[in-house]
Amino acid sequence: MEKFVKLTGVAAPMPLVNIDTDMIIPKQFLKTIKRSGLGVNLFDEMRYDDNGNEIPDFVLNQPAYREAKIIVAGDNFGCGSSREHAPWALLDFGIRCVISTSFADIFYNNCFKNGILPIVLPQEEVDKLMDDAERGSNAVLTVDLENQEITGPDGGTIGFEVDPWRKHCLLNGLDDIGLTMEKAASIDAFEAKAATERPWV
């Protein structure tokens, strides 16, 4: 998993509340178990019309936000079914951070396991960042995980809280497999000892 230390990028404003996982990645794209290739279908039913043409008004189709790395979202982002494809699609598009007043629990946990930082802030602070995000290509935020600060385009900063263990994992690029591999030497030693003591297994 790619490390998350400091992220600087355009923030896309998505003030809609209750953006669920089916909106993030519709069910017809859940057939794959690969984490790559889903970005093109991120928010598919909001980005494209019935003929597959881009809907110009959708935020990620607008020139200023095509390379967005951050989403500033409405309340209860990631609700609905527990599909892990939702953070896969966000990450494949290039989104590494989502800021909202609240997230659905399973989506929130899945973000950390896939290298995305979900940040929970009070409404008034989300409103400030939403206002910043509406500046188009000037809507550049810097998210500093180590210092737990968001810096806006005018230089103002907002602090945020994050679980220390999850912060450690993101800073070091450790997903569940990475955490297991940190114990590789101990696992190998256990297997070698077990093979000696129980050769019949």
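Taking NZ from Lys3 and CG from Asn172, the interatomic distance works out to 6.0 Å, rounded to the nearest 0.5 Å. Summarising the geometry, atom SG belonging to Cys79 is positioned 8.5 Å from atom CE belonging to Met23; distances are rounded to the nearest 0.5 Å. Summarising the geometry, atom CG belonging to Leu117 is positioned 9.0 Å from atom CZ belonging to Arg96; distances are rounded to the nearest 0.5 Å. Distance check, rounded to the nearest 0.5 Å: CD1 of Ile24 to CZ of Phe93 gives 13.0 Å. Note: Gln123 CD to Asp127 CG = 4.5 Å, rounded to the nearest 0.5 Å. Leu129 CG to Leu121 CG: the interatomic distance, rounded to the nearest 0.5 Å, is 6.5 Å.
Arg66 and Leu60 make their closest contact through CG-O, 3.6 Å (heavy atoms, listed as atom of the first residue, atom of the second, distance). Residue Pro153 comes nearest to Asn138 through the heavy atom pair CB-O, 3.6 Å, listed as atom of the first residue, atom of the second, then distance. In terms of heavy atoms, Cys97 sits closest to Leu7 at CB-CD2, 3.9 Å. Taking all atoms of both residues into account, the shortest heavy-atom contact from Pro56 to Gln62 is O-CG, 3.5 Å. For Gly78 against Phe107, the heavy-atom pair with the smallest separation is O-CB, 3.3 Å.
A donor-acceptor contact shorter than 3.5 Å is absent between the side chain of Ser102 and the backbone of Asp75. Between the Gln148 side chain and the Phe160 main chain, a donor and an acceptor come within less than 3.5 Å of each other. At distances below 3.5 Å, not a single donor-acceptor pair connects side-chain atoms of Asn114 with backbone N or O atoms of Pro87. Using a distance-only test at 3.5 Å, with no hydrogens or angles considered, a donor-acceptor pair links the side chain of Asp92 to the main chain of Leu38. Without hydrogens or angle criteria, Asp49 side chain to Asn51 main chain gives a donor-acceptor distance under 3.5 Å. Counting only distance, with no hydrogens or angles, the side chain of Tyr65 and the backbone of Ala133 share a donor-acceptor pair below 3.5 Å.
Contact check for Glu149 versus Ile158: no side-chain heavy atoms found under the 4.5 Å cut-off. Contact check for Asp22 versus Ser81: no side-chain heavy atoms found under the 4.5 Å cut-off. Side-chain contact between Ile99 and Ile150: present, with at least one pair of heavy atoms (C-beta onward) separated by less than 4.5 Å. By the 4.5 Å heavy-atom criterion applied to side chains, Ile70 and Val98 are not counted as neighbours. Looking at heavy atoms from C-beta onward, Phe4 lies out of side-chain contact with Glu146 at the 4.5 angstrom threshold. Residues Val126 and Ser100 are not in side-chain contact: their nearest non-hydrogen atoms beyond the backbone lie 4.5 Å or more apart. By the 4.5 Å heavy-atom criterion applied to side chains, Ile71 and Phe43 are counted as neighbours. Looking at Val59 and Met14, their side chains come closer than 4.5 Å, going by heavy atoms from C-beta outward.
Phe29 is not connected to Phe58 by any chain of hydrophobic side-chain contacts under 4.5 Å among Ile, Leu, Val, Met, Phe, Trp and Tyr, and they are in different clusters. Following chains of ILVMFWY side-chain contacts shorter than 4.5 Å, one cannot reach Tyr48 starting from Leu16, and the two form parts of different hydrophobic clusters. Hydrophobic clustering places Leu171 together with Ile119 (ILVMFWY residues linked when any side-chain heavy atoms are closer than 4.5 Å, directly or through intermediates).
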Worksheet item: So Asn41 and Arg47, side chain to side chain donor-acceptor pair (under 3.5 Å) or not? Walk me through it.
Response: CA-CA 8 Å; Asn41 300 116; Arg47 281 171 73 190; over 6 Å; no
Worksheet item: When you look at Phe112 and Val162, which way does the side-chain contact (heavy atoms from CB on, under 4.5 Å) test go after all the steps?
Response: CA-CA 11 Å; Phe112 284 104; Val162 62; 3.9 Å; yes
Item to complete: Please report the C-alpha distance between Glu84 and Lys113 in whole Å, then the side-chain angles of each, then the deciding distance to 0.1 Å, and finally whether the salt bridge (charged side-chain N to carboxylate O under 4.0 Å, His left out) criterion is met.
Response: CA-CA 10 Å; Glu84 195 169 4; Lys113 292 181 178 183; over 6 Å; no
Discussion item. Under the criterion salt bridge (charged side-chain N to carboxylate O under 4.0 Å, His left out), I'd like the reasoning laid out for Asp154 against Arg135: C-alpha separation, chi angles, the key distance, then a yes or no.
Written reply: CA-CA 11 Å; Asp154 295 329; Arg135 299 183 185 191; 2.8 Å; yes
Discussion item. For a side-chain contact (heavy atoms from CB on, under 4.5 Å) check, start with the C-alpha distance between Asp163 and His168, then their side-chain angles and the critical distance, and finish with the verdict.
Written reply: CA-CA 9 Å; Asp163 175 79; His168 167 80; over 6 Å; no
Worksheet item: Where do Thr142 and Thr8 land on the side chain to side chain donor-acceptor pair (under 3.5 Å) test, with the steps shown first?
Response: CA-CA 4 Å; Thr142 296; Thr8 297; 2.9 Å; yes
Discussion item. Test side-chain contact (heavy atoms from CB on, under 4.5 Å) on Glu161 and Val120; report intermediate values, then the result.
Written reply: CA-CA 8 Å; Glu161 297 298 319; Val120 177; over 6 Å; no
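Under the 30°/60° scheme for interplanar angles, the aromatic rings of Phe103 and Phe77 are found to stand perpendicular.
Under the side chain to side chain contact (heavy atoms under 4.5 Å, CB included) rule, Leu170 has a single partner from Leu145, Val5, Ile116, which is Leu145. For the pairing with Arg83, the side chain to side chain contact (heavy atoms under 4.5 Å, CB included) check across Asn110, Asp20, Ile25 returns one residue only, Ile25. Of the options Thr21, Ile106, Asp105, a side chain to side chain contact (heavy atoms under 4.5 Å, CB included) to Ser82 is made by Ile106 and by none of the others.
We find that Lys27 and Glu45 are not joined by a salt bridge, their nearest charged nitrogen and carboxylate oxygen being 4.0 Å or further apart.
At most 12 non-hydrogen atoms from other residues, nucleotides or ligands lie less than 6.0 angstrom from NZ of Lys69. The environment of Glu54 atom CD is dense: over 12 non-hydrogen atoms of other residues, nucleotides or ligands sit within 6.0 angstrom.
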